[in-house]
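Report on one structure; see the data block that follows.
This structure is a prediction, so every number in the text was calculated from the model and none was measured.
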Amino acid sequence: MPRDTLTAERIVRAAVELLDDEGLDGLNMRALARRLGTAPTAVYWHIKTKDELVRLAGDAVWDEVEQPDPDATDWRSAATAHATGLHAMLTRHPWLGQAFGSHLMHGPGKARHDDAALALYEKAGFDPADADRAAATVFVLALGSALGPAAHVSLTRKLGRNGAHAEELMAEAMARATETAERYPRLRARLGPPTAARYTAAPDHTFEFALQAVLDGFEARLSAGRTERGA
């Protein structure tokens, strides 16, 4: 492929796809070049290091999070839509949470997202300092809720390297976890089908439940603040 047909944008898009398929451990310039149908040297011409490639890929995916217009709806509906989109993005790209702990992540995509989130919570009625805290709280909730699916993807990929033994290893681990859980009354009561097959998974709609609980707390703080100012 001629060098002038390869752009940094194309490389970053391909890197996101490779990261989604193979995780951080599967990303290298040679594998990326094969996916692009070019030579590794052509990739290095545009992006010099793997760390820089991870940073660029990690920043690009923030544009997937739709930013609701806080002026077009009530703040709580906007906050719910924003947080749901954030959680969905983090779940689609399970490598991103891992990258936060191993790479210096920054860029215009993340900055645009953060600025829009702050605008949303300022529009709700928080002062700038509390808007920072509200946005950070929702981010931590979305990231934490996405770690379970991300860990499952990573574990499945790791066990898959063992070929035919992967399903056996999973079944053995599940059996041991279930045996341990049976010692405790509340866990034992929840081990009936189909829960037993999903013992290590979070309950259904956990993120939605947690988000609404957080937003309830925000609403209560805003209401209390209005009451104090009116006193």
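Hydrophobic clustering, with ILVMFWY side chains joined whenever heavy atoms are under 4.5 angstrom apart, keeps Phe209 apart from Leu147. Using a 4.5 Å cut-off between side-chain heavy atoms of Ile, Leu, Val, Met, Phe, Trp and Tyr, with links allowed through other members, Leu143 and Met105 fall into the same hydrophobic cluster. Linking ILVMFWY side-chain heavy atoms closer than 4.5 Å, directly or via other members, places Phe100 and Leu104 in two distinct hydrophobic clusters. Transitive grouping of hydrophobic side chains (ILVMFWY, heavy atoms separated by less than 4.5 Å) keeps Leu141 and Leu118 in distinct clusters.
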| request: Determine, stepwise, if the pair Leu86 / Leu90 fulfils side chain to side chain contact (heavy atoms under 4.5 Å, CB included). | output: CA-CA 6 Å; Leu86 173 61; Leu90 291 167; 4.0 Å; yes
| message | Run His93 and Leu19 through side chain to side chain contact (heavy atoms under 4.5 Å, CB included) and show every step you take. | response | CA-CA 8 Å; His93 305 295; Leu19 285 161; over 6 Å; no
| message | Let's go through Leu53 and Leu32 carefully: what are the C-alpha distance in whole Å and the side-chain angles of both, what is the deciding distance for side chain to side chain contact (heavy atoms under 4.5 Å, CB included) to 0.1 Å, and is it a yes or a no? | response | CA-CA 10 Å; Leu53 184 58; Leu32 182 60; 3.3 Å; yes
| task | Apply side chain to side chain contact (heavy atoms under 4.5 Å, CB included) to the pair Leu56 and His46, showing each step before the final yes or no. | result | CA-CA 12 Å; Leu56 291 169; His46 294 275; over 6 Å; no
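Here the side chain of Arg76 pairs a donor or acceptor atom with the backbone of Gln212 at under 3.5 angstrom.
Note that CG of Asp63 and CZ of Arg112 are 4.5 Å apart. Values are rounded to the nearest 0.5 Å. Interatomic distance, Phe139 CZ to His113 NE2, rounded to the nearest 0.5 Å: 8.0 Å. Distance CZ/Arg183 to CZ/Arg188: 11.5 Å, rounded to 0.5 Å. Rounded to the nearest 0.5 Å, atoms CG (Asp21) and CZ (Arg35) are 4.5 Å apart. Glu17 CD to Leu27 CG: the interatomic distance, rounded to the nearest 0.5 Å, is 12.5 Å. Distance check: Ile47 CD1 to Ile11 CD1 gives 4.5 Å after rounding to the nearest 0.5 Å.
For the residue pair Ala57 and Val12, the shortest heavy atom distance occurs at CA-CG1, 3.9 Å. Of all heavy-atom pairs spanning Ala83 and Phe207, the tightest one is O-CZ, 3.6 Å. Between Trp95 and Gly23 the shortest heavy-atom distance is CB-CA, 4.5 Å. The shortest heavy-atom contact between Pro68 and Ala81 is CG-CB, 3.7 Å. Across all their heavy atoms, Leu36 and Ala14 have their closest contact at CD2-CB, 3.6 Å. For the residue pair Thr5 and Arg10, the shortest heavy atom distance occurs at O-NH1, 3.2 Å.
In this structure the side chain of Leu120 never reaches within 4.5 angstrom of the side chain of Gln67, judged on heavy atoms. Annotation: side chain of Leu215 is in contact with side chain of Trp75 (closest heavy-atom distance under 4.5 Å). Val61 is not listed as a side-chain neighbour of Arg92, based on a closest heavy-atom distance of 4.5 Å or more. No side-chain heavy atom of Trp45 sits less than 4.5 Å from a side-chain heavy atom of Thr41. By the 4.5 Å heavy-atom criterion applied to side chains, Phe126 and Asp132 are not counted as neighbours.
With a 6.0 Å radius and a threshold of 12 heavy atoms from other residues, nucleotides or ligands, Glu66 has its CD atom at or below the threshold. The number of heavy-atom neighbours closer than 6.0 Å to NZ of Lys123, taken from other residues, nucleotides and ligands shown, is 12 or below.
Applying the side-chain hydrogen bond (donor to acceptor under 3.5 Å, both in side chains) test between Glu52 and each of Lys50, Arg55, Lys48 identifies Arg55 as the sole match.
Ion pairing between Asp130 and Arg133 holds under the 4.0 Å rule for side-chain N and carboxylate O.
Using the six-membered ring where Trp is involved, Tyr121 and Phe218 have ring planes that are perpendicular, over 60° apart on the 30 and 60° scheme.
The closest side-chain donor-acceptor pair between Asp59 and His106, if any, does not fall under 3.5 angstrom.
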